[in-house]
Structures are given as C-alpha cells and as structure tokens.
Amino acid sequence: MHEPLLLIPGLMCTAALFEPQVKAFSDDRQIIVADHTGADDMHSIACQVLAEAPDRFALAGLSMGVYLALEIMSAAPDRVARLALLDGKARPDTADQLAARHALLKMADEGRYLNITYDVLLSRLVAAGRSLEPELRDTIVQMATDTGVAVFRRQMAAIINRRSYLADLRNISCPTLVLTGQVDEITPPECAREMAEHIPHARLELISGCGHLSTLEAPHEVNAALRHWLHET
Ligand code: MLT
C-alpha cells in the first residue's frame, strides 16, 4: 500500500471538490479529505488537520487548502512525503482583494450568503461559460450550501488574517507539484509560477482552458498530473 493522500479543500468547498480524485486513487491508497472548518485562523485549522492525519502522508491542497498546506509544511514538514499545491498562492492579498473579501462578509451579514456564490463567485470560480454547466454549477452551489454561513465567516477570517507564505517556500524539500488552471481568475498562473520558482524541487503544470476549480473542471488532466506526482521519487 502507498502512503495515504490527504486532501484539503478550498473556501466554501467540501469533499465534493475532490470526488474525481477520490474515485481515481482510492483503490491503491487511503484518502482523507481534511475538515478545514473548525477554527478562524490558519494555524489552528492546520493543527486540527494534523491531529486527525496519519503519521506521514502525501498532501494536496486547493486554494485555501494551499494556505493550509503551507502552514502544515512549516509546522510539521517531516510528516509530508510529497506536496501538491493546486490553484493557490503564497503571496499576501492586495488592498483591493482585501476589500473584496470584506464586501463578501458584509453580504453574509446582510443575510445574502448564497448570493456570494450565485452573484459573485460562480462565474469567477470556473472557466468562462462553464458555470452554466448544470453538473458543475450544482456541485459548487451544493458545496456552498453544505458549508454554511458560520463556517464561511470562520474560513474568511482565517484567509484575511493569514500571513505571507513566500518566505517559507525555499524550505520545502519534498517532491512538489504546483498546478493551476491557465485561466484561473482567482489565483492566476503568475501565482503558481512564483511558488514554483521559489520551491527547490517543484514541477509546474498549467492546465489549458481551466479555471480555479481544476479538480472538478479538468479531472482527467489533474488526475494525470497527480498520478505522476504520487510516483515521483
Ligand atoms: C478558495 O478558493 O479557497 C479561495 O478563493 C481562496 C482565496 O480566496 O484566497
């Protein structure tokens, strides 16, 4: 049996984000989708994830899951056999990005939690036009519904107050995959390039025509990249 694979979802996402990967890889290894809902700061969430994780594992996070994976790399690097950073960034937010986050929190305070998905995020989370695909759309809306407003507030607080992870990147020494959709609007390819350039053993993969939710948008390509990464020595 191979090392277990620990997957950490993004903001307002659940295990459904990784359904194609769980299907593809659970025959030959244990797969755990982390609970990233239990605190309102990145370090505490990372500690909660580590408390539930096996001794040593392959670690893949998507977006908010990348912030958490980088927290784990600084808290417990010896427990991570290999690292995959999907659709994320290590750099801090710009002032405009921070203001946009506070605007989303305000929508939640006004009782418009699901409008965050319908009116703001849906079209930005996936490549142009794909938010109209019923299956993709339903999955995204269902994940937001299942997450709920209380968890959204905690996750957003953790994202707003996170530190920059740029200085941590050079300390990562395990085999690392950095993967991003070529048309990811939320964490564009320049963020992936930046991480790959600063991590000593990183391989960069950009998926053409794919937006921010690569695991759902391009499962075939993402699974091929992950399969290669899982067997890298
Ligand atoms: C996510 O998908 O987890 C979030 O978009 C992350 C972020 O907003 O930085």
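Just so you know, ligand 1 is whichever comes first in the structure, and atom 1 is the first atom listed for that ligand. Keep in mind the model is a prediction, meaning the values are calculated, not measured.
- Applying the side-chain hydrogen bond (donor to acceptor under 3.5 Å, both in side chains) test between E3 and each of Q30, R56, R82 identifies R82 as the sole match.
- Across all non-hydrogen atoms, the minimal contact from I8 to A69 is CD1-N, 4.2 Å.
- The closest side-chain donor-acceptor pair between H228 and R203 falls under 3.5 angstrom.
- Under the 30°/60° scheme for interplanar angles, the aromatic rings of Y113 and F152 are found to be tilted.
- Here E135 does not pair with R130 in a salt bridge; the nearest charged N to carboxylate O distance is not below 4.0 Å.
- Hydrophobic clustering (side-chain heavy atoms under 4.5 Å, transitive across Ile, Leu, Val, Met, Phe, Trp, Tyr) keeps V183 apart from L179.
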Could you pull out every N or O of ligand 1 that sits under 3.5 Å from a protein N or O, with the distance for each pair?
{"from": "ligand 1", "atom 1": "2 (O)", "to": "S63", "atom 2": "OG", "distance (Å)": "2.9"}
{"from": "ligand 1", "atom 1": "2 (O)", "to": "H212", "atom 2": "NE2", "distance (Å)": "3.0"}
{"from": "ligand 1", "atom 1": "3 (O)", "to": "L11", "atom 2": "N", "distance (Å)": "2.7"}
{"from": "ligand 1", "atom 1": "3 (O)", "to": "S63", "atom 2": "OG", "distance (Å)": "3.1"}
{"from": "ligand 1", "atom 1": "3 (O)", "to": "M64", "atom 2": "N", "distance (Å)": "2.7"}
{"from": "ligand 1", "atom 1": "8 (O)", "to": "R101", "atom 2": "NH1", "distance (Å)": "2.7"}
{"from": "ligand 1", "atom 1": "8 (O)", "to": "R101", "atom 2": "NH2", "distance (Å)": "3.3"}
{"from": "ligand 1", "atom 1": "9 (O)", "to": "Y67", "atom 2": "OH", "distance (Å)": "2.5"}
{"from": "ligand 1", "atom 1": "9 (O)", "to": "R101", "atom 2": "NH2", "distance (Å)": "2.8"}

